[in-house]
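Down below is the structure, laid out as structure tokens.
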Number of protein chains: 2
Amino acid sequence: MARTSVEAERREQIIQAACEVVSEIGFKSLRVADVAKRAQTSTGTVHYYFDTKRDLMHAAFEWNFNQSLERRRPLLESHAEPRDRLRAFVDSYLPRDPVTVTAWHVWAELWVEALHEPDLQELNENVYGEWRRVMAAIIRDGQDAGQFRDGDPVLLANALIGMIDGLALQVLLASHSMNVDRMKAVCDHVIAALES
Amino acid sequence: MARTSVEAERREQIIQAACEVVSEIGFKSLRVADVAKRAQTSTGTVHYYFDTKRDLMHAAFEWNFNQSLERRRPLLESHAEPRDRLRAFVDSYLPRDPVTVTAWHVWAELWVEALHEPDLQELNENVYGEWRRVMAAIIRDGQDAGQFRDGDPVLLANALIGMIDGLALQVLLASHSMNVDRMKAVCDHVIAALES
DNA sequence: CCGCATATTGACGCATCAGTCAACCACCGG
DNA sequence: CCGGTGGTTGACTGATGCGTCAATATGCGG
């Protein structure tokens with residue numbers, strides 16, 4: 001070995017830049033040169049690590065997913081009561097801080113891109129599957145603890161997740177009638193209905 | 001006038017073609033030539049009616065919205081009971097038949113495009129606003145008739161609509177764990193909870 | 001049947017980028 | 001200090017596709 005490898009950090013640096021650019025201007029408008037600039041490097045270097053723009057974006061989508069899981073791991077372990085865990089979990093998806101907003105933007109782009117790309121559908125399947133597993137587990141724990149009403153946990157998780165996705169989209173769209181606070185109100189109401 | 005105008009029908013023919021192409025391959029991959037071919041005309045003619053590709057797509061998004069409203073108008077008038085009206089209304093959004101699936105695809109593209117285009121955000125505001133108005137009205141009628149539980153109709157409408165949006169997206173993404181039947185099951189369950 | 005407005009066409013010009021490449025640089029081991 | 005691997009660069013190329021345009025067609029009124 002003639003040199004200590006910088007591959008890992010350079011790849012992440014470029015991927016993160018790609019996510020930021022996608023969030024700002026959208027996949028459709030994204031140029032490889034934009035990503036290079038944001039990552040403070042050149043298009044040549046971007047292509048040194050990613051053969052095609054498509055490869056780069058797939059890696060970015062995957063990274064965005066893993067980061068989201070990672071960020072929430074501590075949260076799931078820091079609330080003993082299922083009731084609190086559910087609220088904290090749902091709360092963490094409110095598009096409030098820049099990091100979460102960026103993650104949502106990238107997800108939205110993934111969805112639309114995946115409509116016509118089976119590879120990305122598989123990635124979405126993992127994202128959604130993991131999300132549903134976590135949510136269903138919290139609900140099941142809550143039911144066992146007598147904190148939540150009865151009902152198929154998976155079905156309830158799907159209902160909650162679907163609602164969060166749809167509401168977040170409207171918030172991101174700068175809808176006059178849907179903002180983070182209203183979204184929280186709707187989520188709180190639904191969770192309360194689950195508890196009572 | 002030297003000739004009877006064909007503008008109206010030609011515009012619609014092109015717009016409809018644009019929606020079909022967007023649904024099939026996505027906005028990002030859509031070429032003006034694709035739309036021309038699908039509309040059985042030439043790129044020159046497309047540009048005769050729409051100055052830019054952007055204009056064409058904005059018109060297409062708007063048309064998609066108006067058609068969706070139009071299609072559901074009879075449905076809303078043919079059910080005397082709010083209970084039945086809600087079920088029929090929600091049912092009509094299940095991505096089952098090709099027309100509905102295409103409409104959903106176009107909506108999804110609109111959302112993501114609108115994330116970076118204020119003009120389209122305004123259009124989304126109309127779509128979403130109208131949808132929420134209709135849904136909230138049904139819920140209010142149902143509450144007045146003693147068929148639905150109490151609760152802010154607008155908040156409940158937002159919850160339902162958000163959920164439908166999110167679930168439909170997953171169905172469209174050919175998710176293994178979310179298909180039309182499961183989506184219907186989730187919707188039915190939530191509506192039942194609203195009724196009891 | 002002529003004149004004119006409306007409509008249609010597709011080849012072309014021009015700008016935009018993804019991806020390539022040849023030159024060059026940085027670091028480490030020997 | 002030299003050789004080699006790993007890493008970086010940005011100018012360039014080839015392809016692509018939007019929008020233009022000049023030529024042409026179509027139908028109606030007079």
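Order of the sequence lines fixes the chain letters, A, B, ..., with proteins taken first and strands second; residue numbering starts at 1 for each chain.
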Interface polar pairs with nucleotides 13-15 of chain C, N/O, under 3.5 angstrom:
none

Phosphate OP1/OP2 of [N]: any [X] side-chain N/O under 4.0 Å:
X: B:Thr41; N: C:dT9; result: yes
X: A:Arg54; N: C:dA18; result: no
X: B:Arg10; N: C:dT6; result: no
X: B:Ser5; N: D:dG27; result: no
X: B:Tyr48; N: C:dA7; result: yes
X: B:Tyr49; N: C:dT8; result: yes
X: B:Ser42; N: C:dT8; result: no

I need the A:Met183 CE to A:Ser175 OG distance, nearest 0.5 Å. 12.5 Å

CD1/B:Ile191 to CG/B:Leu160 distance, rounded to the nearest 0.5 angstrom? 6.0 Å

In this structure, how many angstroms lie between the [atom2] atom of [N] and the [atom1] atom of [X], rounded?
X: A:Met57; N: C:dA18; atom1: CE; atom2: P; answer: 12 Å
X: A:His47; N: D:dG6; atom1: NE2; atom2: P; answer: 21 Å
X: A:Arg31; N: D:dT16; atom1: CZ; atom2: C1'; answer: 12 Å
X: B:Gln40; N: C:dT8; atom1: CD; atom2: P; answer: 13 Å
X: B:Phe27; N: D:dG17; atom1: CZ; atom2: P; answer: 14 Å
X: B:Ile25; N: D:dG17; atom1: CD1; atom2: C1'; answer: 13 Å
X: B:Glu9; N: C:dA7; atom1: CD; atom2: P; answer: 10 Å
X: B:Arg11; N: C:dT6; atom1: CZ; atom2: C1'; answer: 15 Å

Any salt bridge between A:Lys28 and B:Glu109, counting N to O under 4.0 Å? no

Applying salt bridge (charged side-chain N to carboxylate O under 4.0 Å, His left out) to A:Arg149 and not counting sequence neighbours gives none

Looking only at the aromatic ring of each residue, does the gap between the centers of B:Tyr128 and B:Trp107 stay below 6.0 angstrom? no

[X] has a side chain; which of [options] sits nearest to it?
X: B:Thr45; options: D:dG19, C:dT9, C:dG19; value: C:dT9
X: A:Glu7; options: D:dC18, C:dC17, D:dG7; value: D:dG7
X: B:Val6; options: D:dG7, C:dA7, C:dA18; value: C:dA7
X: A:Thr43; options: C:dA7, D:dG10, C:dC17; value: D:dG10
X: A:Lys53; options: D:dT20, D:dC28, C:dG19; value: C:dG19

Check whether any side-chain heavy atom of A:Ile164 lies under 4.5 Å from a side-chain heavy atom of A:Met135, and answer yes or no. yes

For A:Tyr48, is the NZ or CZ atom of A:Arg10 found under 6.0 angstrom from the centre of its six-membered ring and inside 45 degrees of the ring axis? no

For A:Leu30, which contact category applies under a 4.0 Å heavy-atom criterion: base, sugar-phosphate, or nothing? sugar-phosphate

For the backbone of A:Tyr49 and the side chain of A:Arg11, can you confirm whether one donor and one acceptor N or O come within less than 3.5 Å of each other? yes

